[in-house]
Amino acid sequence: MKRRKLQALASAGLVAAVTTLLAACDEVYADPILIPQPTFGSTFDAGPLTTPRPPPYVCVNERLHENGPCTVEGATCESGQSSDPDCNSTFTCVVDRGYRYWTETRRGSCAGTCPKTIVDGEPCTLTPSDGGVVSDETELQCVADGRLCGCTTGRDGAHAHPRRWVCTTAGDGCPISRPLVGSGCLGDRACDYGGCTLKRGAGMVCSEGVWQVEATECPP
């Protein structure tokens, strides 16, 4: 019994000492805040659950660079000129010690250069611009003849095929090239940019005046 009392007193003393030390050093710990990021690639709709979206924020005239000032916590902006999400960079507005700033959450890296001519179903090859290794997971997306085409081996292992061009149309009233995440739009609509045919295909929705990524329900 005495031993248990001594252990309890020792534990209480240790907690008090640590608390005093932290207060003296003015150190405060807070659990990190997890911010949903846009996810590219086919997923399955789970009924009423949808892909977590960042706050609706139109990325107009934003000067996107690491540690640059931002205003809306959790806002996500895509920077680039390609319909391929891997070729563009993504920035998210985070908050640390009361300061809001942009941080680059994905850096652009293209798997090659889009050719002048693309034929749906024809074999294709890739040569990454940064000298990277081409694997079955490597994919390049391009816009050709009013469609989005991907040099791909299939959306996943269950739908694998030899590398070839796979083309798709986004839908009526949809931009030919995939809109950048965070770019402005008018009206509510949903567009498909290879969500069920490409590894990094995406469903996009115009909601609250902003283009955002949405989950795509794909057949087995």
Side-chain angles (χ1 to χ4, degrees), residues 22 25-43 46 49-114 126 128-135 137-143 148 150 175 177-186 190-191 193-195 198-216:
L22 289 177
C25 296
D26 194 24
E27 293 182 1
V28 179
Y29 173 80
D31 291 332
I33 299 175
L34 300 179
I35 300 174
Q37 297 300 314
T39 301
F40 297 95
S42 58
T43 56
L49 300 178
T50 58
T51 303
R53 298 178 188 168
Y57 179 78
V58 181
C59 308
V60 177
N61 299 325
E62 282 290 353
R63 300 180 62 184
L64 299 173
H65 57 85
E66 189 69 20
N67 298 324
C70 59
T71 56
V72 179
E73 180 182 2
T76 297
C77 297
E78 185 178 356
S79 176
Q81 299 179 342
S82 177
S83 186
D84 190 328
D86 267 13
C87 296
N88 303 325
S89 297
T90 299
F91 291 82
T92 299
C93 181
V94 299
V95 178
D96 182 24
R97 299 180 183 180
Y99 293 96
R100 292 184 176 86
Y101 59 91
W102 292 111
T103 184
E104 190 175 41
T105 50
R106 190 185 73 234
R107 178 167 296 182
S109 178
C110 290
T113 303
C114 293
L126 294 179
S129 56
D130 59 2
V133 177
V134 176
S135 69
E137 297 301 313
T138 311
E139 186 176 83
L140 176 66
Q141 297 179 17
C142 305
V143 173
L148 176 67
S177 183
R178 181 188 63 82
L180 298 180
V181 175
S183 57
C185 58
L186 295 174
C191 302
Y193 295 92
L198 304 176
K199 289 181 175 64
R200 291 177 291 97
M204 301 288 292
V205 292
C206 176
S207 178
E208 299 183 72
V210 185
W211 282 110
Q212 302 179 63
V213 178
E214 180 62 292
T216 303

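Quick note: residue numbers are just sequence positions, from 1. Basis for what follows: all heavy atoms, side chains included, without hydrogens, waters or symmetry-related copies.
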Does Arg200 reach the main-chain N or O of Gln141 with its side chain, forming a donor-acceptor pair under 3.5 Å? no

Check the pair Val181, Gln212 against side chain to side chain contact (heavy atoms under 4.5 Å, CB included), reporting the backbone distance first and the verdict last. CA-CA 5 Å; Val181 175; Gln212 302 179 63; 5.7 Å; no

Partner set under side chain to side chain contact (heavy atoms under 4.5 Å, CB included) for Val134, not counting sequence neighbours: Leu126, Pro128, Thr138, Arg163

Is there a donor-acceptor contact under 3.5 Å from the side chain of Ser89 to the main chain of Gly108? yes

What's the spacing between Thr92 OG1 and Glu104 CD if we round to 0.5 Å? 10.0 Å

Residue pair Gly182 / Val210: nearest heavy atoms and the distance that separates them: CA-CG1, 3.6 Å

Once you round to the nearest 0.5 Å, how far does SG of Cys191 lie from CE of Met204? 8.5 Å

With side chain to side chain contact (heavy atoms under 4.5 Å, CB included) as the test, would you mind laying out the steps for Trp102 and Cys93 before giving the verdict? CA-CA 5 Å; Trp102 292 111; Cys93 181; 3.9 Å; yes

Is there a donor-acceptor pair under 3.5 Å between the side chain of Glu73 and the backbone N or O of Val95? no

Minimum side-chain heavy-atom gap Glu214-Ser207 below 4.5 Å: no

Let me confirm one number: the CG-NZ distance from Asp86 to Lys199, rounded to the nearest 0.5 Å. 12.0 Å

Residues in side chain to side chain contact (heavy atoms under 4.5 Å, CB included) contact with Cys206, at least two apart in sequence or another chain: Cys185, Arg189, Trp211

Smallest separation among heavy atoms of Val205 and Ala190, with atom names: CG1-CB, 4.0 Å

Smallest separation among heavy atoms of Asn88 and Gln81, with atom names: OD1-N, 3.3 Å

Would you check if the side chain of Glu78 reaches a backbone N or O of Leu180 as a donor-acceptor pair within less than 3.5 Å? no

Got a sec, which pairs hit salt bridge (Lys or Arg N to Asp or Glu O under 4.0 Å) with one end in residues 57-66, sequence neighbours left out? none

So, taking the atom named SG in Cys110 and the one named CG in Leu140, what distance separates them when rounded to the nearest 0.5 Å? 7.0 Å

Please give me the minimum heavy-atom distance between Phe91 and Ser79, naming the atom from each residue. CE1-CB, 4.1 Å

